[in-house]
Protein chains: 4
Amino acid sequence: MSEAKTPDTGRRSERSHQAILKAVVELVGEQGYTRLTIEAIAARAGVGKQTIYRWWPTKGALVLDAFAALMGDVAPLPDTGDVAADLRGVIRATVAELGAPRFEVPSRALTAESQMDPALAKQFVDTLLRPNLEVTKERLRAAQKVGQVARDVDLDVAVELFFGPLFHRWLLRTAPLSESYADTVVDYALAALRPRKSPGGRG
Amino acid sequence: MSEAKTPDTGRRSERSHQAILKAVVELVGEQGYTRLTIEAIAARAGVGKQTIYRWWPTKGALVLDAFAALMGDVAPLPDTGDVAADLRGVIRATVAELGAPRFEVPSRALTAESQMDPALAKQFVDTLLRPNLEVTKERLRAAQKVGQVARDVDLDVAVELFFGPLFHRWLLRTAPLSESYADTVVDYALAALRPRKSPGGRG
Amino acid sequence: MSEAKTPDTGRRSERSHQAILKAVVELVGEQGYTRLTIEAIAARAGVGKQTIYRWWPTKGALVLDAFAALMGDVAPLPDTGDVAADLRGVIRATVAELGAPRFEVPSRALTAESQMDPALAKQFVDTLLRPNLEVTKERLRAAQKVGQVARDVDLDVAVELFFGPLFHRWLLRTAPLSESYADTVVDYALAALRPRKSPGGRG
Amino acid sequence: MSEAKTPDTGRRSERSHQAILKAVVELVGEQGYTRLTIEAIAARAGVGKQTIYRWWPTKGALVLDAFAALMGDVAPLPDTGDVAADLRGVIRATVAELGAPRFEVPSRALTAESQMDPALAKQFVDTLLRPNLEVTKERLRAAQKVGQVARDVDLDVAVELFFGPLFHRWLLRTAPLSESYADTVVDYALAALRPRKSPGGRG
DNA sequence: ACCTAAACGAGACGGTACGTCATGTCTTTTT
DNA sequence: AAAAAGACATGACGTACCGTCTCGTTTAGGT
C-alpha cells in the first residue's frame, strides 16, 4: 500500500517485489517475526538479498509494507444516530482483529519494533492505526454536533478513552479481551463524554 | 529486588550477580537495548558468559531483573479525600516516568520484548506494572466507599481508563505526553466513574 | 600399572582411582580419544573433576595409565634355536595387536599425543614399547652369540629393522598389515643381519 | 600447491586464500599446532572464520594445505651408478628434514592428526610422503635392473626398510637421529636386498 | 572415641574456542 | 543495467570444556 502510488522510481521487477511481500507474510506466519530473516525471505522469494536491501531500509519497514498490503482500506463509521451502537461496532471489531492470529502476529511485531525505531513507529501509526482513530473521531464529532457528546471535549483524548484501555490490555496482556469487555469500555467512555445537565465547566 | 530473598539453590557468587545487573543497566543506558549483547555484559561485568546463561533464560529476563532492582517499592496512594487530586498525582508521576530516559529505554525494550515472549510479559507486568495499577485500584475502591465513584463500576476497567490512554499515546507515539494531558485524562476518566444523580444502574 | 608400587602418597580412594581408569577405557572405546573429556570421565566415574586433576597432569598421562593397566607384562621371547621362527612370532603378534581395536585406538591416540608431548612420549615408550623391543633385542643377542647374526651389528638398529617397517605402514597407513607381510619383513631384516662369508667389515 | 590449479567452483578471493595459508604457517611456527586456533588464523589473516570453514573441513586439512604449499616438488633421485651413495643422499636428507623445526612441527602435527582422521592420513601420505617413497622405489628398481638388488625383492617393503627405522625412531623418540645413523640404516637395508651369490631363491 | 585434616562429590566460576547464523556489502555471472 | 547467486568481513550467538575455586561431606589415621 505504501508502495501503491510510487509509479516508477527505477523499480524493475514487479515480480520480485510481490514475491518478497508474499514471502514475508508467509514466513512471519510460519515462524514469527523474531525468527524472520532477510536470508530466508530472499531464499523463499527466489530473490537476491541485495534486491531486498535496495528497496527497504529495515526489516520492520518491509514487514509493515507486507502487512499494509494485506489490510483493506478503512471505511467511515456508519452514523445510525445511536452513538453507543456505532462505537460498539468499531471497538468490537478492533477486539476481534487484535485476537485474530493473522493480524496479531504482525501487529505485535510492528508495535515492538516501533519501540526502538520511531521512524517506523510513525509510518506504522500513519498507515495502519491513524485511519481507524480518525473515523472514530469523525463519528464522535458528529455526536458532538447533535449534543450527545459535550462540546468542550478534546476529541483526540476522547478517542483514546475508547482505544487506550483495549491496547493497554492487549499489549501488556493484563487480561484477555472479549466482546463484553469492549462493550463495557464503550459504556464507560461514553459516560465520560456525556454533556452535563448543569451549566459551567467540567471538574 | 526479585532476587533479594533467594538463598535458594547453589547460587554462589553474589559479587558476579551484582556486577551483571550493574553492567546491564550501564550498557542499556549507553547503547540501548537492541545493541545490548550478552558478550558485552559478560565482558563489562568481568564474568563468563555461561554465568549469565546459567541464571537467566533470555536477555529480556535479565534486563527485567536489572530494571526491577532499580525501581523502588510501590507505595500506596495517599488518600486526602480529594480523589481527583490523588489520582492526578499518580498519573502525573507516570507521565514523568515514561518520559525519563532512565526508565523509558528499558520500559520500551521490555514492552517490545513482551510482545514476542508472553512469559516475560507476565513477569514484567507482575513485577513492575501491576503494583502501580493495584494501588490506584485501591484508591478508587476507597472513593467508591465514600460515594465518589459509582458502586457498580468494574475497578479493573476503571483503572485502565486512566492508564490506557497514557500508554496508548506513549507506546504508539501518536502524540507527546504532558502534565496537562495527564490532568485531562484524569478529568475525563473520573467523569466516567461518577455516580449518577438519578437512581437506576448504568447500561 | 605405573601406579602399582606407589605405596601411600596420601592417596585415599582406591575406589575412585579404579572407577576413573575404567571410565577412561570405556569412553575411549565408545567415542575415541579426541572426544574424550575430563568432564565426561568424571561424570562416568562418579568423581569430582578435581580428583582427576589431582592425580594426573594431562589427559594423555591418564589414558596411558588406563591403557597400561590393560596390558599384561611382557614375556621374554622363546629361544627354539630357530631365529627366524622366533622372530616371526613376535612380529606376527605385533601385527595382530596393532590390528585389534582394543589396542589400536589407544595406541594411535598415545602415539599422536606423544608427538606434541615429549614427556608423555618417554613414559609411553618406556612403559609399553621398550619392553617389547628389549626382549627382541635379547633374542637377537643370543643369535649373535651363536653366529646367526653378524658380530658387528648394532642391535638397536637391528631391532628397528623389524619394527620400523611395521610402524611405518601402520602409522602412515600406506598399506594394510598382514601376517604374510610380517613374514616378509622378518625375512628381509634377517638377511640384512646375516654374517658375511668373507672376512672384513661391511660396506 | 594442492590448490594451485583449481579454477573449479565459485572460489573467489585468492587474496584471502593466500592470507590464510600464510597465517597458518606463521602461527604454527609461533605457537605450535595444538595452540593453533581457527579464530587466531582468521584474525591474523584478516578473514572471517566462515571463509575458513567454507574451504577446509578440519584444522588438519588446512595445515596440510599450508604445509604442502611450502614444500617444493619432489625431484627424482640421481643415478650415479652407486646405489649406496644415492640412497645415503635421500636418507640423510630425510633425517635433516625431520630435524628441522620448520618441517618437524607440522610433520608431527599432521602425523598425530592422521592417527584420528584416516581421510587426512590419506591426503597427507599422498601429497607429502608417497612422492618421496616413489622416487626411492624408482632408484631401487633401476638398481634391480643392473643386478645390485635381488630380482625377487618386493620394492614396497624394500623402501620401508630404509624409511621405517627412521620414522620409528623419530615418531617414538626412542633415540636421536643423526647422519651416521642414516648411513647405518642404508648400509643394513642394502645388505638385506643384495642378491645371493648362490642360485636359488630367498628364505 | 574423638578430632582434625585431607581427599572427596559436586558444580559454579572466568575463560577460550568452538562451529553456526545472520548481517549488510561486494563481486561475479546471467539475462 | 539489473538481477540471482553467493562469497566476504564482521560480530554475536549459545555450547562445550578447560583448569581453578569454593562448598559441605565423608573418611582415616593420630591422639
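What you see is a predicted model, and the numbers here were worked out from it, not measured in a lab. Proteins come first, then strands; the chains are lettered A, B, ... in the order of their sequence lines, and each starts at number 1.
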More 5' along DNA chain F: Arg15(A) or Val47(D), using each one's nearest nucleotide?
Arg15(A)

Kindly list each side-chain donor-acceptor pair under 3.5 angstrom involving residues 32-42 of chain B, sequence neighbours excluded, with atom names and distances?
residue	atom	partner	partner atom	Å
Tyr33(B)	OH	Glu113(B)	OE1	3.4
Tyr33(B)	OH	Glu113(B)	OE2	3.3
Glu39(B)	OE2	Lys49(B)	NZ	2.7

Listed once per pair and sorted, the salt bridge (charged side-chain N to carboxylate O under 4.0 Å, His left out) pairs that draw on residues 115-128 of chain B, sequence neighbours left out:
Lys122(B)-Asp126(B), Asp126(B)-Arg130(B)

Do other residues, nucleotides or ligands put more than 12 heavy atoms under 6.0 Å from the CZ atom of Arg54(C)?
yes

Holding to salt bridge (charged side-chain N to carboxylate O under 4.0 Å, His left out), I want the full list of residues that pass it with Glu104(D), two or more places apart in sequence or in another chain.
Arg108(D)

dA7(F) P sits how many Å from Ile52(D) CD1, rounded?
16 Å

So, using side chain to side chain contact (heavy atoms under 4.5 Å, CB included) as the criterion, who are the partners of Val25(A) when residues are at least two apart?
Ala66(A), Leu70(A)

What pairs with Gln50(C) under side chain to side chain donor-acceptor pair (under 3.5 Å), at least two apart in sequence or on another chain?
none

Answer yes or no: does a side-chain N or O of Trp56(C) lie under 4.0 Å from OP1 or OP2 of dG19(F)?
no

Under 3.5 Å, which N/O atoms of the protein pair with N/O atoms of nucleotides 22-25 of chain E?
residue	atom	partner	partner atom	Å
dT23(E)	OP1	Ile38(A)	N	3.3
dT23(E)	OP2	Ile38(A)	N	3.2
dT23(E)	OP2	Glu39(A)	N	3.3
dG24(E)	OP2	Tyr53(A)	OH	2.8
dG24(E)	N7	Lys49(A)	NZ	3.3
dG24(E)	O6	Lys49(A)	NZ	2.7

Kindly write out the residues that satisfy side chain to side chain donor-acceptor pair (under 3.5 Å) with Ser16(D), not counting sequence neighbours, or none if the list is empty.
Ser13(D)

Extract from the structure each pairing of a protein N or O with an N or O of nucleotides 3-6 of chain E at less than 3.5 Å, listing the distance.
none

Under the salt bridge (charged side-chain N to carboxylate O under 4.0 Å, His left out) rule, collect the residues that match up with Arg44(D), sequence neighbours excluded.
Glu26(D), Glu30(D)

Rounding to an integer number of Å, can you tell me how far Ile41(B) CD1 sits from dA12(F) P?
12 Å

Reckon Ser16(C) has a side-chain N or O less than 4.0 Å from the OP1 or OP2 of dA7(E)?
no

Report the distance from atom NE2 of His17(C) to atom C1' of dA7(E), rounded to the nearest whole Å.
15 Å

If you count the non-hydrogen atoms of other residues, nucleotides and ligands that lie under 6.0 Å from NZ in Lys59(B), is the total more than 12?
yes

For Glu14(C) and for Glu14(B), find the nucleotide of DNA chain E with the closest heavy atom, then tell me which residue's nucleotide is more 5'.
Glu14(C)

Within the structure, does a side-chain N or O atom of Thr51(B) lie under 4.0 Å from either OP1 or OP2 of dG14(E)?
yes

How close or far is atom P of dA4(F) from atom CZ of Arg44(A), stated in whole angstroms?
17 Å

